[in-house]
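Comments concern the structure below.
Order of listing sets the numbers, starting from 1, for every ligand and every atom in it. By convention here, the first residue in the shown sequence is residue 1. As a basis for the values below, the full set of heavy atoms in this structure was taken, side chains included, without hydrogen atoms, waters or symmetry mates.
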Amino acid sequence: MNANVRFADHYEPLIGGERTSLSDQSFDAVNAATGARLATITRGGAADVNAAVAAAKAALPAWAATPVGQRAGLLHQLADWVETNLDRLAMIDAMDIGRTIGETPIDHRIAVNQYRFFAAAAVTHTGWNNPIPGGWAIAKREPLGVVGQIIPWNVPAIMTAFKIAPALAAGNTLVLKPDENASLSTLELCVALAEIFPPGVVNVVPGMGTEAGAALTAHPDVAKLAFTGSAEVGRIIAHAGADRLVPVSLELGGKSPNIVFPDVDGLDRVVDNAAFAATYCNGQSCLAGTRLFLHDDIYDDFLSRLKKVFEGIAVGSPVDPTTRLGCLVSQKQGERVLDFIASGKQEATLVTGGSRAAVPGNEAGWFIEPTVFETDNNSRIAQQEIFGPVLSVIRWRDYDQMIDQANGVEYGLASGIYTSNLANAMRTADRLKAGSVWVNQYFNLVDGSPFGGYHGSGLGREYCAATLDMYTQLKSIVLSEEVPPPMFG
Ligand code: NAD
């Protein structure tokens, strides 16, 4: 694999099967590490969104009537295309968003699995029918209609697949708005989307949140909104859904606890896994294990090993296969993370890291040293989502107090537990207010497992068969063999 990826000079929206722009505005996609221009992208506006929604609406009756097996077949074709083009797509993401080339292929493999998973799940996602005296009661599943979907920049391939796979499998048509910082791999995917799906079934409009995103959110012909991103924008989307009474699913942020019990086997492995939990995706993961609760008995030993592991993490060019930590997606994100680090230096004890790192040849990149603070659960760095490689370590001794603290943030997306006692693991898992609990292996994503959050982390579940419930509604049809005898004489 090499970094000599050729890009189209200009990427346009995919509307009704054509690459076309109504907007005359554009923006540049730049290499997150070097600052070099990669391509120019149409800055979609309300006119593009209106055309895309109209195309999706026109395509809906035929797509909804397409037998589910045929829809599934097309999703498998999309999965095949991603597999064939995986190296190139992974390199595009590494250049576009600064994630390492060691990681970005994993995103595309997860995407492939999503297309295949929903192709299979849709076939078995049926309604039911019950014979009743003199007839039948039927519950039939129907798609919702045109779905509006908005995604963030951190894992664009996964986000695109999480959104379009279940929506299409269930018979909806859609308009997707990728993030302005990470549109390129999704726009490349449009080559396959245009070839594989009937015109208008999938439409993609790149652009800004307050322009294309807001137009999509407010569009009266959109029957469902699906969003992944910040809690702040999630609330805007939820209000828009409430105004028009359309269902909304939200995947928002996280500040996940990762809990180490003193009975763990193989401390070095746990240290390594906890470091991975905090730094994978350059720490720009809503799932990241960013609050590490270490039991008092092992605290000092664990922390000194953790410091060594963090100091050994190779920070470097995202396209270098030996790099373990690339750069953040943008200057805005870099400054935000450094601001959190500055407040950490005021309110907590810095263990390691804490500065911007320089990587020769990549001067535009916002590389951040893998950073560890010792702190308590009330500090700003322990309460707020940082979205960078910054870990808050919290000492614990009292179990109930630790559980209260683990649950004591506005989010509830993921959590981790390390223990050799299975009963302890299950008891603790029961008490954590989080959509996912991983025991002894953080980020252990399994296709088909529910993914979503408690309270401030969102509404709904993706990644699993139940996601199809969010993209369908049930109609009840009751058939009587005969019209009943007259009641009125
Ligand atoms: P963001 O909410 O600013 O942007 C996400 C998307 O929303 C982008 O496509 C953006 O253009 C769009 N958008 C922005 N303003 C909008 C508006 N007014 N109307 C409609 N659309 C609008 O989020 P971000 O800062 O780019 O991403 C980071 C956040 O996303 C973090 O908080 C992170 O935890 C969260 N996230 C959550 C998950 C998850 O699955 N739970 C996954 C990835 C990221």
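With atom 25 (O) of ligand 1 as the reference point, the heavy atom nearest to it among Y411, Y463, F451, W153 is part of W153. Among V233, L176, D179, I386, the residue whose heavy atom lies closest to atom 5 (C) of ligand 1 is D179. If you check each of S457, G209, C286, S230 against atom 2 (O) of ligand 1, the one with the closest non-hydrogen atom is S230. Distances from atom 37 (C) of ligand 1 to the heavy atoms of V329, L252, I158 show the closest one on L252.
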Review point. So T160 and T186, side chain to side chain donor-acceptor pair (under 3.5 Å) or not? Walk me through it.
Key: CA-CA 7 Å; T160 296; T186 305; 3.0 Å; yes
Check your understanding: Given the rule in the salt bridge (Lys or Arg N to Asp or Glu O under 4.0 Å) test, do R461 and D469 qualify, once you have shown the distances and angles that lead to the verdict?
Key -> CA-CA 10 Å; R461 295 293 181 267; D469 293 346; over 6 Å; no
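Ligand 1 has no N or O atom lying under 3.5 Å from any N or O atom of T228, backbone or side chain. For the pair E180 and ligand 1, the shortest N or O to N or O distance falls below 3.5 Å. Residue contacts with ligand 1: E385 is placed with a nitrogen or oxygen under 3.5 Å of a nitrogen or oxygen of the ligand (distance criterion only). Where the criterion is an N or O separation shorter than 3.5 Å, residue side chain and backbone included, G229 meets it with respect to ligand 1.
Using a 4.5 Å heavy-atom cutoff, the side chains of L75 and F197 are in contact. Counting heavy atoms from C-beta outward, T467 and F162 have side chains that stay 4.5 Å or more apart.
Judged purely by distance below 3.5 Å, without hydrogens or angles, the side chains of Q441 and Y418 never pair a donor atom with an acceptor atom.
For the pair R380 and F340, the cation-pi criterion (under 6.0 Å, within 45° of the ring axis) is fulfilled.
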